[in-house]
Structures are given as structure tokens and as C-alpha cells.
Amino acid sequence: MADEEYNFTLLEQKWQRQWEKTGLVRAIRPGRPNFYSLNMYPYPSGVLHMGHVLNYTIGDVVVRYKILRGYNVLSPMGWDSFGLPAENAAIRTGVSPHDFTENNIERMRGQMRRAGWLYDWNREFATSHVDYYRWNQWFFLKLFEKGLVVKKTAPVNWCDSCQTVLANEQVKDGECERCGSSVTQKDMNQWFYRLSEYAERLLAGHDKLRGHWPDAVLAMQAEWIGKSVGAEVEFRVRETGEPLPVFTTRPDTLWGVTFMSIAPEHPLVEKLTRGSPYEREVATAVQRMRNLGTSVKELAEREKEGVFTGFHVINPVNGAEIPLWVANFALMSYGTGAVMSVPAHDQRDWEFAKKYNLPIIKVIDPPDGSGPESWTGAYVGSGAIVNSDQFSGQPDNFQAIPAIVDWLADNGKGGKRVNYRLRDWLLSRQRYWGTPIPVVYCDTCGIVPVPLKDLPVVLPTDIDFTQGQGNPLLRSPSFVNCKCPSCGKPAKRETDTMDTFVDSSWYQFRFADPHNDSLPFAGEKIAEWLPVSQYIGGIEHATMHLMYARFFTMALHDLGLLDFEEPFERLFCQGMVCKVAYRCEVCKWLPSEDVMVVQQDGKRELEPEAAEAVFKRIENQSLTPDGLAAEGLALICRRSGDPVRFEMTKISKSKLNIVDPDAMMDRYGADTVRLYVLSDSPPDRMQIWTEDGVNGSWRTINRLWRLVMDSLAKVAPVGSVVPPDLTGVDRELRRKTHQSIGRITEAIEGGYQFNTAIARINELLNFLRSSRDKANPAVLREVLEVIVITLSPIIPHFAEECWAKLGHLESVFLHTWPEFDPEAARLDSVEIPVQINGKVRERLQVPPDLAAAELERLVLENTKVQGLIAGKTLVKVVVVPGRMVNLAVR
RNA sequence: GGGGGUGUGGCGGAAUGGCAGACGCAGGGGAUUUAAAAUCCCCCGAUCAUUGAUCAUGCGGGUUCGACUCCCGCCACCCCCACCA
């Protein structure tokens, strides 16, 4: 009867229907605490990838575990459905972004249901629906009123291929995060959210998050905020008296300033040099610096370059007159756009001074007393201050900084200043498929925000995507032409749309009240569920989504819409899912079908079975490139005949090493896939996908199925009570069961260590397999139920079926997580290792609660121990009751 | 250059400062089978050896009766940021 394999196709569908029918995730059970579990919602690309599978499976285990623990759980799902891919598809194929998106959502929703993830689909929404994005406009207007929205001209990142600006956070290594083409800088008049206003609060908020968010995320955000404490110092242009303040973190080196560097874009450059003898030379140099490679990548790799302006500045601390240079390393966007240069104690200034032959003055004395003549670079360490008027002789330059800053402030030469690297959030995008920015341009009234009552500004649908270039909204007269809300004259609408990160900055709140059509959300619904108890997603959002969402929450708090400032109490970031990928020197990445295994001498191709074995070993990492060569084998590209290398890398379409979740679920069922992604590595580490591994999880499920089916005849009826005073196998089995409950619970609670939780369940299973035939029927029921319940968050369909087969009429998720009984888990005796100088020499069986003195006596009376220490001096006896004994002898 | 993280068998990984390698994958052997798959049982860090011993958690020190674990100094790899004044 138990010979059949577990029929996942039928059973998984059956239980999914059942959960939906009974509304498992919607069941609000009064008197229970609320728990809001949220997974980062996906962009509806049309297919789930393995990263989603890992992310949402972790989330689903949390949801189901919390249900079993007696919580009311909110587990919503929605769609981050604005964005470029839909628009690009429209340009390519002519299908409207709306239809493209809706079709994709349909497909992905099906895949999600099939995976068995529990979501309350009644709360589903897509951000590209006007019911959602109208609130983006509403918030924009509220924040505009509050002064948190600005339109300004600034150097922005421009992606020519996407034909839009990008936020700083969306530029990676000088390339567009989305399409990979190189990003250039240009000045544009754009909309911004004043993120930088919140720099200090965003940083301070980390105190609350520490311990609940991964350290790496907090570190990345702190770095991105880039707080640095220093001083502002009031330099002045000698020739014109114009102020030219600088920011410095090293006021202790002020007396060592030998020149001033100013950014090429600095307005003072043109203002000063216009009409001067240096005008032409400076202007050409500035042109060259600004134009020669505006790509962000080139900017970073450029060599130091500068030009003298012909002007000088006066150092307020000592009246020194120093030359003013334009330097390509000075950034207009940081500090004041001007840098005081101290070549003796700053490596960058050192290089510049050497190149242009500028003076170098030592003001910090290194311990060895050496000077710049003998240095090969700037001295950046600590030492005594020299050549610095009244501060000369201070023994430690860094300790002297506060006194110097105070002196600057007292004498009107400057003062303390905190600077942040965080810049404002560039909001506008020159694209169609996003939230229209609710603003009108009027020749008479200027920039006029759309009144709240006129919302929403609806994205028009009468667009031809296959014609023309640039933002398609410009080609929709019915959209562009409007009346000025203020004076009623003809006006033009803003055609820029919002960055999609606006959508994801507050979606976590909308899930609490998704159908509200008079407000983005009602306060009482927020109070019920928010902040999010557990948020789960990828670490790649550390400085983007997670920073914006925190900012938005703080801003909404300041608008009086929320009474908390942090949206996500706990954050968990899952690891990447990786798989081996093959790369040909000529054809780049290859699918494994295009890789041929050959014998090195003679280039003879291996038989299919032998080749498959080789691929398998490569996938398992049991065959390294060296190992392959040692066996006289080589990999060759089937297309070009060139050598092929392999590496373990993130599963991605571009590397051609994707694993299709649908295909896996066809073959093994959702539960097997769920079990596999959780069973090998801790979920925050890199996961390695192997075919053998999935198959192993499939075998595990079948072994378990047979075990449960074979036990049905022997198991006591539902509700049977385990008799007291168990002995032998029964006592052992029950002890193991309760020990397991304790350790499984600990593994889940202590940071989602599902791999160890699964290992603990396997141990219990192995033990049960060896003792089942002798077990008391009631004990057998207890252990089987513990196994089924503890596995149910991970492999829910399977667990439900077993639960039903065990005679239960209600869902396993209506039961409670098993109670750990310390009495049942208690050991009758423990084995105590006896160490001599740290090495185990003997073992004793003793009662678990034997007192230290008793244990020591037993050990010292043991004849074997006596023999081992005979003739030696007993220096120390260490007794850890219930654990071990160590004898230190000489 | 700065920050964060990780180093343990062929592989993924276990170990409140207390028996290193749980659990699983791969591998080897056996049973079953006409055969294969599946299943079940056994072995599986290294070296030496007869029961047993010695060495082993990236490297070097330290603290401790006792260190994968704590401290100091290196090395390697991964991720993030980077002309940030």
C-alpha cells in the first residue's frame, strides 16, 4: 500500500483550494496578537525566478509558523507594476504597457498560488492602477506644500539608452542599473524630494533598527548618508573680497594650506576670470574637464588635472595668500565646492602639488621627525602640531581639533560644521509608464500644483509607442494641453513621471487599507497592523528602496499621517541563488547543452553518460578546473570550438544558468522545491542550486510519506493520551521528540535557521525509523504529529495530507505548534567525558543532575582514570556538572 | 583607500568556551532486481597502527584546566562605497 510515490500534482492543488476556501490567511481570530509579514513585492516581469522563490518561501514559512503560534497574520501581495520593461515592450511590439503588465500579473499570480504561498488576495493591488497611483500624486502635493519637493537645476545622471535621468542610487559603476549602458552627467531642471533634509534622522533611526536589521544594510546606509564632522572656514578671494568658504574634517592642518582647489562647475570660476588675462586658458581647461568624458565611469578614472585662475585666496588663520586653482577632483556636489589643499597631509593634494610644483608645508610632525623632503607621499598619521602659531606644540593634532574649531568660531573665522554625502532624491523620469507628476506650467502663474480636488491626473492611453522618440507623453495633446488651475488660461502639463521607487515607499501602508478611495489609508487600519513586523527581501535595496521607504515614513509622520517613523521593525535579507555557469572565450556565456566534454589528446568527445557525470560533478563542485585537467579532460564550446571555463554565479538570464521554478514544480512539486531551497544553507547566505540537491529533497519527502503511510496501521487514534511511566524505546522516542521540539523551535526563533531546523527533524525521523516497530501506538502518534506540524510551515501541502491521513478533520494550521515538555525531554543519565589535559580518556554514565563534588569523587575513584594519572601530579580538577570533567596533571 | 562579511571533509554546512564534522549532497561497498531506476543496510577528514593512537576548523601569537568559538596581528576570498575635502 505504501509503494506509491507521493502524488503531489493532485494533492497540492487540493490543499491550495482548501486554504483559499477556508480563508486560512484571512481568518481573524479575536483576542490574538497581530503580525504583519511582508515580502518585497515583485515587478511583474511575467515569470518568477529563483530569487523570488527563496524570498517568498522564507516569508511563507514565517507566516505559517506565526499562524501555528497563534497570531493573526497579515500576509499581502501586490505588484510593483510601473517601470521601463513594460514601456520597452510596448515600443518593441506595440502591445500597450497596461496589457503587457496585466498579462504578466495574471501569469505570476498563478505561479504564486501554485507554490503554495499564503497571501490574502483580497488586498492585492498593482501600483499602475489609478486607484493606487493617485495617492502618489496626493503625497506629492502634500509634501510640496510642506516644502519637501523642489524643482532645481542640478547635474544629473542621464541614461541615453533609457532616455531618462536616474537617481544616484540607480547608477552602478558608472552604468545604468537597468540596462547597463554608460551613464553621463548633464545639467537638467528636475523634481526632487528633499531627502538630504532627513540625513541626520535617517542615521539616528539606525539605533532603533540595530539588532533587528542586518548590519550590512545599516552599514551601507550609513556610508551612503556619509556624515562627516568638521569645520567650515571662511576663506576670501584676495583680489575681490568675495567669500569662499570651505568644509574640512582636518582643521588641524589649516596652517599647512598652500593652495585652494575649486570645482570646474563652481559659479565663481567664470565670475572671477571673465575679462581677466587668465580667462581664455581657464575657460578652455574647464571645458576640457567638463566635456572630456562626461560618463560617470570616466569621471572616476580621470587623472588629476588643474589650472591656475590667476586669483588668490586669504587663509583666515594666518593671512597667508595662496593661489586659487580649478581642479577636476573638486566636486561641486560635496561641501562648498571648494577644497583647502594641504599637500603635506593629504595624499590627493600631495599628488596635485607634485604635478604643478606647488609648495608643501609640514604642520604635523611624525614621530620620527621627518619632513616632506624625504616623504614619498602625504603624512596622514598623528603627531605634534608645528608651524601653526599658538597651536604649535600641541602633542596630538587630532585631539587638538575641538580647540581649533572653538577658536575659529570665537574669532569669526568659521565654526563647527557637519556635512552629509546624501543628496536629494531625483524624482522625475522622462518616461511614460509611471505616475504623472501633478503639476501645470502656466505662462502667467508659473509652476502651479494641481489642486487636490482635481486628482487624479490620469495617465492617458491614446499613445502610439512605435512612433517617435523620447517621452511618449509629449505626443499626447489631450494630456499636455490643459487649463491653468489658478488663472484658467491655457497651460501645459508636466510630462515627467515619478520614479517607481515612490510607489514602493509607502505600499506597505496601503496593504492595511487597500480599497480606501477617500484616503491613502485610514489611521485605525494602520494602527491595527503597522509597522511591518517582519520584512523580507534582497540586500540590493539597501540604499534605494529601504532608504526611500524610511524617508517617506518619516515625512508622512511629519505630516501627521503616521505616529511612527520606521516602517519595518525587522528586516531579513535572503542570499543569492547561484548555479554553475559556462563561459566560452569567444561566444561568452553558454547554456550547458552547448558545452562538450572532450579528451584532451585527440579532442574526442565523451559518451553522453560519461559527459553527464562530468557535468554533475562540476555542478556539485566536486570537480575543479584543475581536477578536470588532471583527468585529461577539457570543456569545449560546441559552436566555436574554443575552451570553456565555468564558475559559480548568481542565477540570471544573462549568464544562461537559469532554473525555471515552473519546470521544477512540474517535476517535483512545490513542496520539494520549498524544502530544497531551505534545507542546505542558512537562508541569508548564498544558495547553490544543484539538480542532485532537489532530487534529494524529493527522496526525503517520499521516504517520509512511506514512513507515515506504514505507520497508519499501528498508530493510536486521534486524541490518545501518552501513558505515564514509559520505559525503554518509548521513553527514548518521547525524549527525542521533545528534545527535537525544543531545538527546532530554537532554530526558527533564533534567526530563521531553517537548515538546522530541517536537520533536527531529520534526526528525529532517523531515530523514529529505527524504533517505530517497537513503539507504543500513542507515543508513535505523538512523534508523527510533531514531525508533521513542525514540517508544515515548510512543506504545507504534504503536511496537510499526512495530518488528514492521521485522522484529523481540520487543517493542521488550526492546530498549535507543539509544546516542549522539559520533563519528557529529561535524560535518565548522561555520558560524561573525562579529559586529562584536555583529551578525552574515559567516559562515565551518571545521573544528569549529579552534583559537582559527587562527580569529582566518582572520576577520581575510577580505576582507569587512576591508572592514567598514576605517577603524575594532579594540578587541577575542573568539573562542569552534567557536561564534563577535566583533570590537569603534570 | 574606507566599510561590511566569510574562511571547518570532495561539496552545502552543524557545534550556550566543554567529545569538531550534526543533517544532507556526492562517492564506495552490500542486499533486492533478468536489468536499470527506486528502495533498504553498511562505510566515508588525514596519517600510522593489532585492539588504538596522533594530527586536523586560513596563518601566527595570546587568554584559559580547556578555543572553530574570546583577544591581538597577518593572509585569502566575496559584497558595498569610493578623487567625499
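A note on names: the letters A, B, ... follow the listed sequences, proteins ahead of strands, and every chain is numbered from 1.
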Kindly indicate whether the side chain of [X] and the base of [N] share any N or O donor-acceptor pair separated by less than 3.5 Å?
{"X": "Arg843(A)", "N": "C19(B)", "answer": "yes"}
{"X": "Glu223(A)", "N": "G2(B)", "answer": "yes"}
{"X": "Asn886(A)", "N": "C65(B)", "answer": "yes"}

Selection from [options] that lies nearest to any side-chain heavy atom of [X]:
{"X": "Glu831(A)", "options": "C19(B), C83(B), A15(B)", "answer": "C19(B)"}
{"X": "Arg706(A)", "options": "C40(B), A85(B), G24(B)", "answer": "C40(B)"}
{"X": "Val339(A)", "options": "A85(B), C23(B), G12(B)", "answer": "A85(B)"}
{"X": "Ala219(A)", "options": "C84(B), G3(B), C25(B)", "answer": "G3(B)"}
{"X": "Arg760(A)", "options": "G12(B), A85(B), A14(B)", "answer": "A14(B)"}
{"X": "Asp215(A)", "options": "A38(B), G5(B), A85(B)", "answer": "G5(B)"}
{"X": "Asp680(A)", "options": "G12(B), C65(B), A14(B)", "answer": "G12(B)"}
{"X": "Thr756(A)", "options": "A15(B), C23(B), A38(B)", "answer": "A15(B)"}
{"X": "Asn755(A)", "options": "A85(B), C25(B), G13(B)", "answer": "G13(B)"}
{"X": "Gln835(A)", "options": "C23(B), C19(B), A85(B)", "answer": "C19(B)"}

Output the rounded distance in Å from [atom1] ([X]) to [atom2] ([N]).
{"X": "Leu218(A)", "N": "C79(B)", "atom1": "CG", "atom2": "C1'", "answer": "16 Å"}
{"X": "Gln221(A)", "N": "A82(B)", "atom1": "CD", "atom2": "C1'", "answer": "18 Å"}
{"X": "Glu763(A)", "N": "A15(B)", "atom1": "CD", "atom2": "P", "answer": "11 Å"}
{"X": "Glu691(A)", "N": "A26(B)", "atom1": "CD", "atom2": "P", "answer": "11 Å"}
{"X": "Asp773(A)", "N": "C41(B)", "atom1": "CG", "atom2": "C1'", "answer": "15 Å"}
{"X": "Asp346(A)", "N": "G1(B)", "atom1": "CG", "atom2": "P", "answer": "15 Å"}
{"X": "Leu707(A)", "N": "C40(B)", "atom1": "CG", "atom2": "P", "answer": "10 Å"}
{"X": "Gln753(A)", "N": "C23(B)", "atom1": "CD", "atom2": "C1'", "answer": "14 Å"}

With a non-hydrogen cut-off below 4.0 angstrom, is [X] in contact with a base, only sugar-phosphate, or nothing?
{"X": "Ala222(A)", "value": "nothing"}
{"X": "Met220(A)", "value": "sugar-phosphate"}
{"X": "Pro214(A)", "value": "nothing"}
{"X": "Asp349(A)", "value": "nothing"}
{"X": "Ser681(A)", "value": "sugar-phosphate"}

Same-atom distance ([atom1]) from [N] to [M], integer angstrom:
{"N": "A67(B)", "M": "G18(B)", "atom1": "P", "answer": "11 Å"}
{"N": "G17(B)", "M": "C71(B)", "atom1": "P", "answer": "12 Å"}
{"N": "U34(B)", "M": "C23(B)", "atom1": "C1'", "answer": "37 Å"}
{"N": "G28(B)", "M": "A36(B)", "atom1": "P", "answer": "14 Å"}
{"N": "G66(B)", "M": "C70(B)", "atom1": "C1'", "answer": "13 Å"}
{"N": "G27(B)", "M": "A15(B)", "atom1": "C1'", "answer": "25 Å"}
{"N": "G7(B)", "M": "A14(B)", "atom1": "C1'", "answer": "16 Å"}
{"N": "C48(B)", "M": "G60(B)", "atom1": "P", "answer": "23 Å"}

Do the side-chain N or O atoms of [X] get closer than 4.0 angstrom to the phosphate oxygens (OP1, OP2) of [N]?
{"X": "Arg699(A)", "N": "A26(B)", "value": "yes"}
{"X": "Arg685(A)", "N": "G7(B)", "value": "yes"}
{"X": "Arg617(A)", "N": "C25(B)", "value": "no"}
{"X": "Arg423(A)", "N": "C84(B)", "value": "no"}

Report task. Would you check, one step at a time, whether the test salt bridge (charged side-chain N to carboxylate O under 4.0 Å, His left out) holds for Arg760(A) with Glu763(A)? Result -> CA-CA 5 Å; Arg760(A) 300 285 96 90; Glu763(A) 278 177 85; 2.7 Å; yes
Query raised in the report: Looking at the rings of Tyr6(A) and Phe8(A), which for Trp means the six-membered one, are their centres under 6.0 Å apart?
Result: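 Centroid separation for Tyr6(A) and Phe8(A): 6.0 Å or greater.
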**Report entry** Pair Tyr676(A) and Trp698(A), ring centroids less than 6.0 Å apart
**Finding:**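 Here the rings of Trp698(A) and Tyr676(A) have centres that are no less than 6.0 Å from each other.
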Requested in this report: Carefully, step by step, assess Asn620(A) and Arg617(A) under the rule side chain to side chain donor-acceptor pair (under 3.5 Å).
Outcome: CA-CA 5 Å; Asn620(A) 289 325; Arg617(A) 286 164 65 204; over 6 Å; no
Report task. May I ask you to decide if the ring planes of Tyr752(A) and Phe754(A) are parallel, tilted or perpendicular, using 30° and 60° as cut-offs? Result ->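 Parallel, since the angle between the ring planes stays under 30°.
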Requested in this report: Measure up the Phe352(A) and Phe259(A) rings against each other and bin them: parallel (under 30°), tilted (30 to 60°), perpendicular (over 60°).
Outcome: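 Plane angle under 30°, so parallel.
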Does [N] have a Watson-Crick or wobble partner in any strand here, with both distances under 3.5 angstrom, and which is it?
{"N": "U57(B)", "value": "none"}
{"N": "C23(B)", "value": "G12(B)"}
{"N": "G52(B)", "value": "C48(B)"}
{"N": "U6(B)", "value": "A76(B)"}
{"N": "A36(B)", "value": "none"}

Query raised in the report: Do we see a donor-acceptor contact under 3.5 Å between the side chains of Ser382(A) and Asn397(A)?
Result: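 Asn397(A) and Ser382(A) do not have a side-chain donor-acceptor pair below 3.5 Å.
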Query raised in the report: Relative to the 5' end of RNA chain B, which residue comes earlier, Ile758(A) or Lys616(A), by the nucleotide with the nearest heavy atom?
Result: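 Looking at the nearest nucleotide for each, Ile758(A) comes out on the 5' side.
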Query - Pairwise 5' ranking along RNA chain B for Ala338(A) and Ala888(A), keeping only the more 5' one - result: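 Residue closer to the 5' terminus by nearest nucleotide: Ala888(A).
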Query - Syn/anti label of G27(B) as read from its glycosidic torsion, with the cut at 90° from 0 - result: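 Because its glycosidic torsion lies more than 90° from 0, G27(B) adopts the anti conformation.
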Query raised in the report: With a 4.5 Å heavy-atom cut-off, do Val783(A) and Phe767(A) have their side chains touching?
Result: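 When only atoms from C-beta onward are counted, Phe767(A) and Val783(A) do not touch, as no gap falls below 4.5 Å.
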Query - CD (Glu607(A)) with more than 12 external heavy atoms under 6.0 Å - result: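 Incorrect, the count does not exceed 12.
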